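Remember, predicted model here, so these are calculated numbers, not experimental data.
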Amino acid sequence: MAKKQFKAESKRLLELMINSIYTHKEIFLRELISNASDAMDKLYYKSMTENLGLTRSSFEVNITTDKEARTLTIIDNGIGMTKDELEKHLGVIAKSGTLDFRGELDQAANSEGENSDAQTTPDDLSVIGQFGVGFYSAFMVADKVSVKTKAYGCDEAFEWTSTGADGYSIDNCELTEAGDFGTIITLHIKENTEDERYDEFLEQYRIKSLISKYSDYIRYPIKMEMNSQKLKEGTGDGDDNPPEYEETKEVQTLNSMIPIWKKTKSELSDEDYNEFYKEKFMDFNPEGVHAIIHDKTEGAATYSALMFIPKKAPFDYYTKEYEKGLQLYSSGVMIMEKCNDLLPDHFSFVKGLVDSEDLSLNISREMLQHDRQLKVMAKSIDRSIRSELKKMLNNERDKYTEFWEAFGTQLKFGVYNGFGQNSDVLKDLLLFYSSSEKKLVTLLEYVERTKESQDAIYFAAGDNIGQIDSLPQVEGLKDKGFEILYLTDNVDEFCLQMLGGYGKVDDEVKPFKSVQSADVDIADESEKEEIKKANEESKELLAAMKDALNAGDNSRVADIKISKRLKSHPVCLTSSGVLSTQMEKVLSQMPTDNNAKADKVLEINRNHAIFDKLQFLYDNDKDKLSTYAEVLYNQALLIEGIPIENPSEFARKMCELMV
């Protein structure tokens, strides 16, 4: 038969698709196998409605390769196509036979109305081939494609042949390889180029790996004759008879067919889950995972999800190279390796997959055409993960603590990120070290222990627990019996600042307050009057010290004052305003031009011997008073874990005071 031309718009679409629509050439095999699965679904459904005697076990896909002829062949015994259907579905690009089939099913269901005896679509029948253009992905790897097909119940077979955009021909043929009905697609693989190696699509193990990656859960067996080696009979039974191996060929089923997430929880053991996780996500931690989330949801979004919370973070987790996301399947066919829209950043450590039949995909099936379903699924997945973590927190505290040590920073970042939009849903999952409990506690546990007179949740920030516990500011609060949360992560203080406060349900929200803040006031009325009087009496001394520290271009302290919070320490450094000294330290480590500075306040202990010395120097040696002010300020910086500007000058002045 003479060659026919594609319609003009189809020709342009084919050229575009071959060259740019698909991200990876390997996708073609997924598309062709999905089409074969669709064809078998249609005939299976026809058999159920018309009692044809065909069962699900009657169907299979067979794949063969011929390196010499450079052909890859895919054979299915599905419903096949008539000549008119070949013309209709392969002569006009973007015509979807599967979509038409789904429409016919829906129309039939609607017309049957309330007829309870009517045959409806079986629950396990779903079609993935929403776009006929998937077939044309074959031209990314083939310079010629042949489709031999014979429709079920028809006497004639036909062959559709095309070399791409130039057009196609349809002729009569024989279908001996497939039997009485079905389809044979033969791809003549392109020759290698400098940039592309097409030979890989003729390699058995490459084909096997692609089926495992994209089509492992197609409901019908995908078979292929594989080369293998086996021990030659009569060898390998002693030192004088070493083993010899011979090449054999055997037909193997390359796909597992039944997704583990389609099974019920009662059918699976922890070992089943863990083995699947290790093989699927290449995480071979012998301790397994923290938690397994196996959900099936119906309603606004219908999907199955199988997710895992790992024991440890991947080595690149806190780098720009780490890519979050769940594998996305549509009816058992993998669409995306990592769909990051399904996971919020604060749960980016979760690994797993989601399988849905409700997705609207673009023509390459590589992107979602509409994001409404995805957003609904993402919200549901977020709730499932939070619920699992809350259950672990309440029922398996040791396990949750272990999880927190691995991924707690990410949850705290989630509170801070996005202007705190997730703070309400994450705050009950947070843990911080308690000065009184000597372990990690929740915010709820803290507020349940607060004193009746306590109007704030106190915290202190530093490099580590030991350093924070020895801070001068902490000493006074601990002496009065207040519990303090110790913050050791860079994000901690930003996280609490974004939260603002915390309270039990229907209870007063208590604000977070840093003990390193200048406005912390735990003194009683008599103590307040005493401090006020002391500052008034010493205002000239304090002003002189402030002038010494801020002399020249320096502007190191916003204020110097006498403090009642200090016990055994002579001085401490606090801050006024939103930015604390610890936040300044974190921001200064970032690779930006951010020169944000905290308003530092140097507080002095009037009951320490150093105060009497300062008063003496103010009256007798103001130059030396300046040296003392400098030394005390640098000491306060070191206590806070903040580097001093000139260590050698600090050491010189210390020696000067010692002689």
Side-chain angles (χ1 to χ4, degrees), residues 14 17-18 21-22 25-46 59-64 72-82 85-104 125-142 145-152 158-162 168 175 177-178 181-187 201 207 210-211 213-224 254-255 257 329-335 357 359 361-366:
L14 177 57
M17 183 181 59
I18 294 172
I21 285 182
Y22 287 92
K25 288 181 169 58
E26 65 188 32
I27 296 297
F28 82 93
L29 189 60
R30 178 192 73 183
E31 297 297 305
L32 297 181
I33 290 175
S34 295
N35 289 343
S37 176
D38 295 343
M40 293 183 289
D41 272 343
K42 293 174 189 177
L43 185 51
Y44 175 57
Y45 176 72
K46 184 179 180 69
F59 301 99
E60 63 184 35
V61 177
N62 284 279
I63 298 177
T64 63
L72 171 65
T73 303
I74 301 163
I75 305 171
D76 73 73
N77 57 344
I79 198 165
M81 287 180 280
T82 64
E85 288 170 336
L86 266 179
E87 186 80 54
K88 179 181 178 183
H89 298 314
L90 300 189
V92 180
I93 300 174
K95 183 67 178 179
S96 172
T98 301
L99 198 58
D100 288 349
F101 176 61
R102 171 58 72 190
E104 290 169 7
L125 178 63
S126 60
V127 287
I128 175 67
Q130 296 183 33
F131 298 93
V133 292
F135 165 79
Y136 293 93
S137 62
F139 286 103
M140 293 190 296
V141 300
V145 177
S146 161
V147 180
K148 292 182 178 181
T149 185
K150 185 177 181 182
Y152 181 85
F158 299 92
E159 180 177 12
W160 179 96
T161 306
S162 175
Y168 63 94
L175 200 72
E177 302 97 322
F181 50 87
T183 300
I184 304 169
I185 300 177
T186 302
L187 281 64
F201 302 117
I207 299 299
L210 291 179
I211 290 171
K213 180 177 181 180
Y214 293 108
S215 307
D216 196 36
Y217 306 113
I218 291 291
R219 71 181 83 243
Y220 305 102
I222 304 170
K223 297 182 177 182
M224 185 175 183
L254 306 183
N255 59 323
M257 289 181 281
Y329 287 77
S330 181
S331 301
V333 178
M334 193 177 80
I335 304 303
E357 300 175 5
L359 300 176
L361 308 176
N362 72 351
I363 59 176
S364 69
R365 299 187 196 169
E366 292 183 339

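For the atom pair CG (Asn35) and CE (Met40), the distance works out to 10.5 Å, reported to the nearest 0.5 Å. Considering CZ of Phe181 and CG of Asn77, their distance stands at 5.5 Å, rounded to 0.5 Å. Atom CZ of residue Phe158 and atom CG of residue Leu86 lie 8.0 Å apart, to the nearest 0.5 angstrom. For the atom pair OG1 of Thr73 and NZ of Lys148, the computed distance is 9.0 Å after rounding to the nearest 0.5 Å. Atoms CD1 and CD1, from Ile185 and Ile63 in turn, are 10.5 Å apart once rounded to the nearest 0.5 Å. Here the straight-line distance linking atom CD of Glu60 with atom CG of Asn255 works out to 11.0 Å at 0.5 Å rounding.
Closest of all the heavy-atom pairs between Met257 and Arg219 is SD-O, 3.9 Å. Closest of all the heavy-atom pairs between Leu175 and Gly182 is CD2-O, 3.6 Å. When every heavy atom of Glu26 is checked against every heavy atom of Lys213, the shortest pair comes out as OE2-NZ, 3.1 Å. Smallest separation of non-hydrogen atoms from Leu187 and Ala138: CD2-CB, 3.8 Å. Closest of all the heavy-atom pairs between Ala39 and Asp76 is CB-OD1, 4.0 Å.
Residues Phe28 and Leu72 have side chains in contact (heavy-atom distance under 4.5 Å, counting atoms from C-beta outward). Within the 4.5 Å cutoff, side-chain heavy atoms of Phe201 are placed close to those of Leu210. Side-chain contact between Ser137 and Ile27: absent, with no pair of heavy atoms (C-beta onward) separated by less than 4.5 Å.
In this structure, Phe135 and Phe139 have perpendicular ring planes: the angle between them is above 60°, well past the 30° mark. The aromatic rings of Phe59 and Tyr44 sit perpendicular to each other, their planes meeting at more than 60°, with 30° as the lower class boundary.
Between the side chain of Ser146 and the main chain of Thr186, no donor-acceptor pair closer than 3.5 Å is present.
Annotation: side chain to side chain contact (heavy atoms under 4.5 Å, CB included) contacts of Ser215 (sequence neighbours excluded): Arg30, Ile33, Ile211, Ile218, Ile222.
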Asp41 vs Tyr220, side-chain contact (heavy atoms from CB on, under 4.5 Å): CA-CA, chis, key distance, verdict
CA-CA 9 Å; Asp41 272 343; Tyr220 305 102; 2.7 Å; yes

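Between Tyr214 and Glu31, the side chains place no donor N or O within less than 3.5 Å of an acceptor N or O (distance only, hydrogens not considered).
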